[in-house]
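One structure is given here, and the rest of the page talks about it.
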Amino acid sequence: MYAQMVKTGVDRIQSSEEMSPEERAFQERIDADIKIEPKEWMPEAYRKTLIRQISQHAHSEIIGMQPEGNWITRAPTLERKAILLAKVQDEAGHGLYLYCAAETLGVSRDELMEQLNSGKAKYSSIFNYPTLTWADIGAIGWLVDGAAIMNQVPLQRCSYGPYSRAMIRICKEESFHQRQGYDIMMKLARGTPEQKQMAQDALNRWWWPSLMMFGPSDADSVHSAQSMKWKIKINSNDELRQKFVDQTVPQAEYLGLTVPDPDLRWNAERGHYDFGAVDWEEFYQVIAGNGPCNRQRLRTRVKAYEEGRWVREAAEAYAAKKAARAQAKAA
Amino acid sequence: MNEQEALFEYLLRLGDNALILGHRLSEWCGHSPALEEDLALSNVALDLIGQTQLWLNLAGEIEGKGRDADKLAYLRDARDFRNLLLVEQPNGDFAMTMARQFYFDAWHYLQLQGLTGSKESRIAEIAAKSLKEVAYHLERSRDWVLRLGDGTEESHRRMQAAIDDLWMYTGELFEADEIDRTMIQAGLGPDPSALQESWLDLVRATAEEATLALPQPGWAQRGGKRGIHTEHLGYILADLQFLQRAYPNAVW
């Protein structure tokens, strides 16, 4: 999702007998839905996996500012401009909450940013696709934020307290984001023929990458079982993907748009939509750094970070001077 | 020019300043030195976009030709824009953005304060609402001038350069023309030249505290209020107006 294929560093799940008394007590608390808080004992693998997952989520928020930020200066009305700016601003805020949540696990924001800038840390594959028209802003809100909500709502119940609380705050804002995206699509779909075409084109380009956001099929999802046992992943990738398709197809129909999947049809027996195969080769290529925008996104992020270095240093130097003066005055 | 026409022009000036500076600040979103600044710069930009809507909608009402804030923002060419040259200057580095902001905020605050006494109640109301927002903008930009001026050697050098570069665009802030004089006479707006002393006091005190040297009064670039802009405005409008121009009469 915003975190895809998070490694757990665990080859297989331990049975209760194999666990140490501490590990067993920890797992029992999780099974009883008791939240784990920062200062409590936790297995090293749990801590490391959570840092990976939360930071990947945070990085996705920060990198995700770029494709949408791309249209802030070109938004078509003052109201649209204000809404989009506020939305991208929210994403910076989400990044902040999430870095704070990660910091409770003993890693600093600077360390995490260095990992992102060096290309070592991952972020969601979806943000490596370009926003080519205004309709892409609608499609991102509708599909990408829609997919994100699908994953994040259950994470409000995840086992780690600070992450769970960050998710509760984030979900409130995400549902507003999704509505504004759908509202953009609605205006376009009910607009001129060119606008409708713009909306269809955006759906064509964002549909499959949105389905990829949920990560590989369960059969290929090697780390999911441990994460689910720890309750830092609540539903399986395929389960969420199906839920997303079921929710989104009627919305597309309402807009009068066509989902770009010839195999898509309602399966009355299953009570779900059947849909075509995702191109996983494309997904793995994007994850590996070969998506349309990977290099551009990272370069832009590194540039902002490096060009801001002197500002952050100045702020620190000034704060130190001010503190020293206050101390001298008090003495 | 009758009073109504002058008032329309005057409101365009107010709205265009907010529109163009808000646009410039929005360019920073996602590219600023820290996440906290992405949030803060966006907040200021959002305030200014909101003020734009209020001023330009009122301008459209006064004009009475059915133009609202969006029509005025998206369908005028550069020669019809009435913002100060200062606000259209490029973002440059963070010091340039903050120096521009500080010069503007210090003036904007005083101007809005004057406008709260306008005989036109709608102007006074918008000014009172905006004044609260701008008090915060000013506090923030002043703080950055201090932090960068009195921070490191590099930040001092950059802030000094920014203060120097933008100085020539500040003269225009205080020049009264025929439209300003009409507003003063009608009790609709303050005398720009009367704001200069308070502005200078604040700017001087801030520069001194920030260990910066303020340039000597010199030749002022002017023209924005009459629609004679720098080359930068055309590019701002090319971005801002793209969709409205490419798809005339579409609803977004």
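Since this is a predicted model, take the numbers as computed values, not measurements. Letters A, B, ... are given to chains in the order of the sequence lines, protein chains preceding strands, and every chain is numbered from 1.
A 4.5 Å side-chain heavy-atom check between B/L35 and A/Y99 finds at least one atom pair inside the cut-off. With contacts defined as side-chain heavy-atom distances shorter than 4.5 Å, the pair B/R147/A/V311 does not qualify. Between B/L146 and A/Y318, some side-chain heavy-atom pair lies under the 4.5 Å cut-off. Looking at A/W310 and B/E154, their side chains come closer than 4.5 Å, going by heavy atoms from C-beta outward.
Nearest approach of B/S42 to A/L85, heavy atoms of both residues: OG-CD1, 3.8 Å. Residues A/A317 and B/T152 approach most closely at CB-CG2, 3.8 Å, considering heavy atoms.
Residue contact with chain A, scored on non-hydrogen atoms closer than 4.5 Å, involves the side chain of B/A73 exclusively. With a threshold of 4.5 angstrom between heavy atoms, A/M186 does not approach chain B through any atom at all. In this structure, chain B has no heavy atom under 4.5 Å from any part of A/R309. Both the backbone and the side chain of A/L96 come within contact range of chain B, with heavy atoms under 4.5 Å apart. Neither the backbone nor the side chain of A/R190 comes within contact range of chain B, judged by heavy atoms closer than 4.5 Å. Of the two parts of A/I62, only the side chain, counted from C-beta on, holds a non-hydrogen atom closer than 4.5 Å to a non-hydrogen atom of chain B. For chain B, no part of A/E307 is nearby; none of its heavy atoms comes within less than 4.5 Å. Contact of A/M185 with chain B is not made at all, since no heavy-atom distance falls under 4.5 Å.
Under the 3.5 Å distance criterion, the side-chain polar atoms of A/K187 are left unmatched by any main-chain donor or acceptor of B/V251. Put simply, the side chain of A/Q89 gets close to the backbone of B/L39: a donor and an acceptor are under 3.5 Å apart.
Residues of residues 63-83 of chain A having a heavy atom under 4.5 Å from any heavy atom of chain B, listed by number: A/M65, A/W71, A/I72, A/T73, A/R74, A/A75, A/P76, A/T77, A/L78, A/E79, A/R80, A/K81, A/A82. Along residues 87-97 of chain B, the residues that come nearer than 4.5 angstrom to chain A, judged on non-hydrogen atoms, are B/D93, B/F94, B/A95 in order of number.
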Task: Step-by-step side-chain contact (heavy atoms from CB on, under 4.5 Å) determination, A/I184 to B/W252 - done: CA-CA 7 Å; A/I184 290 176; B/W252 303 92; over 6 Å; no
TODO: Decide salt bridge (charged side-chain N to carboxylate O under 4.0 Å, His left out) for B/E209 and A/K321; before the verdict, give the C-alpha distance in whole Å, the side-chain angles of both, and the deciding distance to 0.1 Å.
DONE: CA-CA 13 Å; B/E209 196 183 332; A/K321 280 186 199 176; over 6 Å; no
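Among the candidates B/L56, B/L148, B/I236, the residue making the largest number of heavy-atom pairs closer than 4.5 Å to chain A is B/L148.
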